[in-house]
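Some notes on the structure that comes next.
What you see is a predicted model, and the numbers here were worked out from it, not measured in a lab.
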Amino acid sequence: MQILPAIDIKDGRAVRLFKGDFSKETVVNQSPLAQAEIFASAGMTYLHVVDLDGALDGKATSAPIIEEIVQKTGLKIEVGGGIRSLEQIASYIDKGVDRVIIGSMAVKDPEFVKAALARFGSEKIVVGIDAKKGLVATEGWLETSDVSFLSLALEMEKIGVRLFVYTDVDRDGTLLGPNFEHYQQLQSALTSASVIASGGIAQLSDLTKLQAIGIAGTIVGKAYYNGNVTLDELKEF
């Protein structure tokens, strides 16, 4: 199972949020680049980056910072937050980003996902599904739709999506453990797509349980920043 340390960018800094609440942020590093370099020097290979400002603005607000991380660390990077156009995706990929995560647009405009898959391929396009009480949240988690996480995943798999990032918003940043039931449901329902878990990771045993379910990768944020798990432990895992 792949481990992806997380860097969330807000106001040019690396932060952590509690349940996606923009008013409950903790700055973990004044420099997202410096934090990425810490992960690179520890031997991590893949980074999960969220442009929180972009998620609110609906554009690639933190793109210059992300481009600098790509250029200076050599890490593979997946990026989400504010992806609203094919041009944004193309710009990220042209600048060396490995995977781009489509979130809100997957709910609002499935045809956009189809177009992105057709242009860039399923290896470059990830659909991010963020849910509150099982219903998909959009617009930086500020709005909740009436679409269930499972029905959206199945719809997206039908049009060719092969990788999802699934986050239970109510677990994110809480250290309460992942929503194992939802991951089990996704693994049971999906036939050709894989899932990356995000939200609630508290300890190494959570990673072991997710691996046993069959999850392809896990994003680790607060558990690392709070000291619950070390980079050495993550690398060994």
* Under 3.5 Å: donor-acceptor pair, side chain of Q187, backbone of G214 -> yes
* Polar side-chain atom of D51 near backbone of S62 as donor-acceptor pair, under 3.5 Å -> yes
* **Backbone N/O of Q203 and side chain of D206: donor-acceptor pair under 3.5 Å** => yes
* Asked: Under the side chain to side chain donor-acceptor pair (under 3.5 Å) criterion, do S192 and R162 qualify, and how do the steps go?
  -> CA-CA 6 Å; S192 56; R162 293 296 173 260; 3.3 Å; yes
* Asked: Mind checking whether Y225 and Q35 have side chains closer than 4.5 Å, heavy atoms only?
  -> yes
* To do: Answer yes or no: is there a donor N or O on one side and an acceptor on the other, between the side chain of T174 and the main chain of L176, under 3.5 Å?
  => yes
* Got a donor-acceptor contact below 3.5 angstrom from the N228 side chain to the A202 backbone? -> yes
* Is K72 close to L33 at the side-chain level, that is, under 4.5 Å between some pair of heavy atoms? -> yes
* With the side chain counted from C-beta on, respond yes when N29 and R13 share a heavy-atom pair under 4.5 Å apart, and no when they do not. => no
* **Intermediate values then yes/no, side-chain contact (heavy atoms from CB on, under 4.5 Å), I102 and I89** => CA-CA 9 Å; I102 298 173; I89 297 174; 4.0 Å; yes
* To do: Kindly indicate whether the side chain of Q211, heavy atoms from C-beta on, has any atom under 4.5 Å from the side chain of M1.
  => yes
* Asked: Would you say N179's side chain and H182's backbone share a donor-acceptor pair under 3.5 angstrom?
  -> yes
* Would T208 and S205 count as a side chain to side chain donor-acceptor pair (under 3.5 Å) if you check the C-alpha gap in whole Å, the side-chain angles of each, and the deciding distance to 0.1 Å? -> CA-CA 5 Å; T208 303; S205 61; over 6 Å; no
* Quick one: does K59's side chain get under 4.5 Å of R84's, heavy atoms only? -> no
* Other ILVMFWY residues reachable from L163 by side-chain steps of under 4.5 Å -> L4, Y46, I101, V126, V165, I196, I219
* Could you check L190 against L154 for side-chain contact (heavy atoms from CB on, under 4.5 Å), going step by step and ending with a plain yes or no? => CA-CA 7 Å; L190 297 170; L154 291 172; 4.2 Å; yes
* Asked: Is there a donor-acceptor pair under 3.5 Å between the side chain of E233 and the backbone N or O of T230?
  -> yes
* **Atom CD of E123: over 12 foreign heavy atoms under 6.0 Å** => no
* Counting distance only, does the side-chain N/O of Y183 pair as donor-acceptor with the main-chain N or O of Y166 below 3.5 Å? -> yes
* N/O donor-acceptor pair under 3.5 Å between D53 side chain and T61 backbone -> no
* Asked: Between Q88 and G82, is there a donor-acceptor pair closer than 3.5 Å when you use the side chain of the first and the backbone of the second?
  -> yes
* Would you check if L86 and F112 make a side-chain contact, meaning some heavy-atom pair closer than 4.5 Å? => yes
